[in-house]
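Right, one structure below, let's go through it.
Values reported hereafter were calculated over all heavy atoms of this structure, with side chains retained and with hydrogens, waters and symmetry mates removed. Just follow the structure's listing: the first ligand is 1, and inside any ligand the first atom is 1.
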Amino acid sequence: MSTLQFRRAICKTPPLSMASGITSQTEIVDVKIARQQHEKYVSNLEQLGVDVTVLGPDEAMPDSHFVEDAAIIHADVAILTRPGATTRRMEAMALRPALMSAGLQIVALGGGDEALVDGGDVLFAGNHVLIGLSHRTTQEGAQRLKNILLEINPSLNVCLINFDGVLHLKSGVTYIGNDTLLGNPAMSLTSQLPLDIIWLPSQDGYAANTLTLNGSVFYFEECPSVEKAIMSVGLKPLPMNMSEFRKMDGSFTCLSLLW
Ligand code: CIR
């Protein structure tokens, strides 16, 4: 399957404790609304033909619905990460049973305490895999992940990317096909990217985190600049309200593992 076609997903219901997750924002989350937005996100995936497994909430792990950070899936192999934030370390092991039941082969990132990776820093774009070096993903973690990915698929072009200004690489850029990324101008890049970037106006920068699958793109509603960019590559814009996840520094890619 191409990198933008997906048949299966794992999502996880936000726990009632989600407001005690990590955030740089000050607005308080409404968990009831967050769950409604999450249900809508899941039903939009299903409408696009994805078979979604929704795992129950885990109250002991307030950020655990951001499943993207705890595993990376490529070619039916799930690589369990070691998330950069100490409060999130247990999330990868907690996902293991669901990934195994889904028939995926499981590989651990391995290495010591310095080998850290958040899946939010790993962007698949055609044959390229960009691994961002962030405050969550270390050089050692990124290098281990690169080696594992190349063992799974030696034809990948895996690059380590230096950046700053945003939480994860995918808070700064996401792939919308056609060798094109959407970019958040709040991100400063000190590495060259092997793809074109459509830079959004700064007031829409947060909306650079989109999710492209099966011909459609999930994006923050009321961002006409994003809608225009999506249409320019011939995809269908699917606007959604994700206000409550934004309050926790989350967005679209972080809420699912897709393959
Ligand atoms: C965190 O700071 O770890 C969570 N509150 C948000 C993680 C969002 N993950 C992502 O965008 N990949």
Side-chain angles (χ1 to χ4, degrees), residues 9-31 34-35 37-38 41 45 55 57-73 78-92 94-95 109 116-125 129-138 141-142 145 161 163-175 181-184 186-187 205-213 217-220 240 242-259:
I10 288 178
C11 296
K12 190 161 172 156
T13 302
L16 298 175
S17 61
M18 73 176 279
S20 31
I22 309 165
T23 187
S24 61
Q25 309 298 310
T26 49
E27 265 189 279
I28 304 298
V29 167
D30 183 320
V31 182
R35 284 192 165 171
Q37 291 174 345
H38 194 264
Y41 176 93
L45 288 176
L55 307 175
D58 199 330
E59 295 301 334
M61 299 182 200
D63 278 314
S64 55
H65 48 293
F66 296 122
V67 286
E68 165 178 76
D69 294 318
I72 289 129
I73 300 179
I79 304 156
L80 298 179
T81 67
R82 182 177 295 103
T86 45
T87 55
R88 301 195 60 191
R89 289 283 151 83
M90 296 308 292
E91 291 179 25
L95 274 182
L109 182 68
L116 305 173
V117 171
D118 270 16
D121 284 316
V122 184
L123 175 63
F124 285 81
V129 186
L130 312 181
I131 307 177
L133 300 170
S134 66
H135 295 289
R136 302 284 180 90
T137 296
T138 57
L145 177 61
I161 305 293
F163 74 96
D164 212 340
V166 291
L167 175 61
H168 287 121
L169 181 69
K170 282 187 273 190
S171 323
V173 280
T174 54
Y175 185 53
L181 301 171
L182 273 187
N184 174 355
M187 178 180 64
Y206 194 84
N209 186 279
T210 58
L211 177 64
T212 299
L213 75 151
V217 186
F218 293 6
Y219 77 103
F220 277 102
M240 291 170 64
M242 299 296 276
S243 60
E244 303 315 296
F245 298 100
R246 183 174 181 171
K247 290 175 188 172
M248 298 309 295
D249 293 339
S251 186
F252 290 106
T253 59
C254 53
L255 292 176
S256 53
L257 284 166
L258 288 154
W259 71 101

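Qualifying side-chain hydrogen bond (donor to acceptor under 3.5 Å, both in side chains) partners for Asp69, counting only residues two or more places apart in sequence or in other chains: Arg88.
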Dump all N/O pairs between ligand 1 and the protein below 3.5 Å as a table: atom names plus distance, one pair per row.
from	atom 1	to	atom 2	distance (Å)
ligand 1	2 (O)	Arg136	NH2	2.9
ligand 1	3 (O)	Arg88	NH1	2.7
ligand 1	3 (O)	Arg136	NH1	2.9
ligand 1	3 (O)	Arg136	NH2	3.4
ligand 1	5 (N)	Ile22	O	2.6
ligand 1	5 (N)	Asp63	OD1	2.9
ligand 1	5 (N)	Met248	O	2.9
ligand 1	9 (N)	Asp69	OD2	2.8
ligand 1	12 (N)	Glu68	OE1	2.6
ligand 1	12 (N)	Asp69	OD1	2.9
ligand 1	12 (N)	Asp69	OD2	3.4

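Side chain of Asp249 to main chain of Thr23: no donor-acceptor pair is present (N/O by atom type, distance under 3.5 Å, no hydrogens or angles).
Atom CE of Met90 sits in a sparse spot, with 12 or fewer heavy atoms from other residues, nucleotides or ligands closer than 6.0 Å.
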ask   = Between Phe66 and Met61, does a side-chain contact (heavy atoms from CB on, under 4.5 Å) hold up when you go through it step by step?
value = CA-CA 10 Å; Phe66 296 122; Met61 299 182 200; over 6 Å; no
Would Asp58 and Ser64 count as a side chain to side chain donor-acceptor pair (under 3.5 Å) here? Give the steps. CA-CA 7 Å; Asp58 199 330; Ser64 55; 5.2 Å; no
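Ring-centre distance between Phe252 and Phe220: below the 6.0 Å cut-off.
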